[in-house]
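Computed over heavy atoms, backbone and side chain alike; hydrogens, waters and symmetry mates excluded.
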Amino acid sequence: MKVLCYITALVVVTLGAYDESECSDYDHSDYGCSGHCMDYGNTNCPGGKTMSGLCPNQASHVKCCFTADSDSECATYNHPTAGQVGSCIDTSQCPNNFYISGLCPTKPAGVKCCFDKPTETCSGGGGGGSDGPVPAECMACICQVESNCQEIGCQWDVNSDSCGPYQIKEDYYNDAKYIDSSLGLGWQSCTTKFACSEDTVQAYMTRYATLSRLGYYPTCEDFARIHNGGPNGYKYSSTDAYWTKVSNCL
């Protein structure tokens with residue numbers, strides 16, 4: 001009996017969920033800040049709605065799951081207009097009452113399968129909340145590679161300082177501000193904060209990672225290599241190693 005209890009407890013721990021701020025505060029475009037770090041997230045997360053790089057203190061198999069509290073009937077439901085973006089939440093948090101009943105069978109009566117980004121789930125955390133050409137998961141992995149997605153300050157890096165969670169140099173910031181003049185009051189004050197640094201990356205990519213410059217629609221690899229190597233970084237072999245780090249996070 002003691003052995004059986006021990007094994008049961010071990011399974012619960014192995015398949016558990018953990019809260020880390022990088023995951024729980026991540027502003028996902030569909031699910032809001034509802035992430036939980038889940039063991040073997042690629043297979044255990046309902047619907048597979050995971051992102052890598054947001055559980056830095058856990059083992060590599062732990063992923064940030066945005067439907068950890070949802071039933072699989074909801075997380076895998078293919079809505080005819082919204083797609084597979086359902087999550088089980090209280091109807092009071094579902095904008096425009098855009099939900100379907102009967103898809104969250106293990107939840108209380110007031111919890112339905114919502115197909116819109118829930119309200120009141122975010123507390124100003126980093127990642128994915130900014131508009132621009134770089135997808136949320138790609139942004140998260142660039143952030144993870146640069147700083148473990150932390151609001152760090154400036155540090156010396158290849159002949160000049162790089163600042164913040166995306167380790168942005170002053171020339172990079174100035175190029176981005178050419179596209180978005182609202183980027184804070186200055187390079188250091190902007191790029192050391194999550195929201196402004198993300199906006200800087202998106203503006204930089206809006207300027208340089210374009211169909212007209214590349215001759216094709218940019219991918220995460222192009223965004224990562226341009227971020228690392230400048231406007232033409234997508235052409236340079238010197239950015240290959242950086243892309244390998246980002247791709248390993250995806």
Side-chain angles (χ1 to χ4, degrees), residues 22 25-30 51-54 117 122 124-250:
E22 290 87 344
D25 290 347
Y26 188 90
D27 188 2
H28 192 282
S29 58
D30 292 320
M51 291 181 66
S52 301
L54 297 179
K117 181 178 179 178
C122 292
S130 58
D131 295 326
V134 187
E137 185 169 10
C138 187
M139 285 287 286
C141 285
I142 291 174
C143 190
Q144 178 68 21
V145 168
E146 291 290 358
S147 67
N148 286 325
C149 225
Q150 301 295 314
E151 281 190 335
I152 61 176
C154 301
Q155 55 190 19
W156 189 256
D157 173 44
V158 190
N159 302 319
S160 62
D161 279 344
S162 297
C163 297
Y166 290 91
Q167 288 293 279
I168 294 171
K169 293 184 179 293
E170 187 171 14
D171 286 346
Y172 185 117
Y173 168 78
N174 289 335
D175 277 357
K177 199 161 186 177
Y178 180 84
I179 296 295
D180 185 356
S181 60
S182 68
L183 290 173
L185 299 176
W187 159 51
Q188 293 182 333
S189 63
C190 169
T191 58
T192 52
K193 300 294 186 291
F194 267 119
C196 197
S197 63
E198 287 181 346
D199 289 342
T200 300
V201 174
Q202 295 286 16
Y204 191 85
M205 297 306 166
T206 298
R207 182 172 186 182
Y208 291 119
T210 64
L211 173 63
S212 60
R213 287 194 75 244
L214 277 61
Y216 54 86
Y217 288 104
T219 64
C220 185
E221 179 175 356
D222 299 306
F223 295 130
R225 295 176 70 179
I226 288 172
H227 181 76
N228 178 243
N232 293 316
Y234 68 101
K235 300 178 180 179
Y236 302 149
S237 60
S238 59
T239 61
D240 287 347
Y242 183 83
W243 165 241
T244 297
K245 293 179 183 178
V246 174
S247 64
N248 286 339
C249 163
L250 292 170

Exercise. Should Tyr234 and Glu221 be marked as a side-chain contact (heavy atoms from CB on, under 4.5 Å) after you check the CA-CA gap, both sets of side-chain angles, and the distance that decides it?
Worked result: CA-CA 8 Å; Tyr234 68 101; Glu221 179 175 356; over 6 Å; no

Nearest non-hydrogen partners of [X] and [Y], listed with the distance:
X      : Y      : value
Ala176 : Thr200 : CB-O, 3.3 Å
Lys193 : Glu151 : CA-OE2, 3.6 Å
Pro133 : Phe223 : O-CZ, 3.5 Å
Thr191 : Pro165 : O-CD, 3.4 Å
Asn148 : Glu22  : O-OE2, 3.9 Å
Ala224 : Val246 : CB-CG2, 4.1 Å

Exercise. If you look only at pairs with a residue in residues 228-242, which of them pass as a salt bridge (Lys or Arg N to Asp or Glu O under 4.0 Å), with sequence neighbours excluded?
Worked result: Arg225-Asp240

For this session: State whether the number of non-hydrogen atoms from other residues, nucleotides or ligands found under 6.0 Å of Tyr216 atom OH is greater than 12.
Result: yes

Problem set entry | Neighbour count >12 (heavy atoms, 6.0 Å) for atom CG, Leu211 | yes

So do the side chains of [X] and [Y] get within less than 4.5 Å of each other, counting heavy atoms only?
X      : Y      : value
Asp161 : Trp187 : yes
Gln155 : Gln167 : yes
Pro218 : Met205 : no
Tyr173 : Gln188 : no

Approximate separation, where rounding is to 0.5 Å, of [X] [atom1] and [Y] [atom2]:
X      : Y      : atom1 : atom2 : value
Ile226 : Tyr208 : CD1   : OH    : 10.0 Å
Asp199 : Phe194 : CG    : CZ    : 13.0 Å
Ile168 : Leu183 : CD1   : CG    : 9.0 Å
Ser197 : Met139 : OG    : CE    : 7.0 Å
Tyr166 : Ile152 : OH    : CD1   : 12.0 Å

Verify, without hydrogens or angle tests, whether [X] (side chain) and [Y] (backbone) share a donor-acceptor contact under 3.5 angstrom.
X      : Y      : answer
Thr239 : Gly229 : no
Gln202 : Val134 : yes
Arg207 : Asp175 : yes
Ser181 : Lys177 : no

For this session: Using only the SG atoms, decide whether Cys141 and Cys220 are less than 2.5 Å apart.
Result: no

For this session: Only counting residues at least two apart or in another chain, list the ones meeting side chain to side chain donor-acceptor pair (under 3.5 Å) with Thr219.
Result: Asp222

For this session: Report the residues that fulfil side chain to side chain donor-acceptor pair (under 3.5 Å) with Glu146, sequence neighbours left out, ordered by chain and then residue number.
Result: His227, Tyr242

Problem set entry | Tyr172 and Tyr204 aromatic ring geometry - parallel, tilted or perpendicular at 30°/60° bounds | parallel

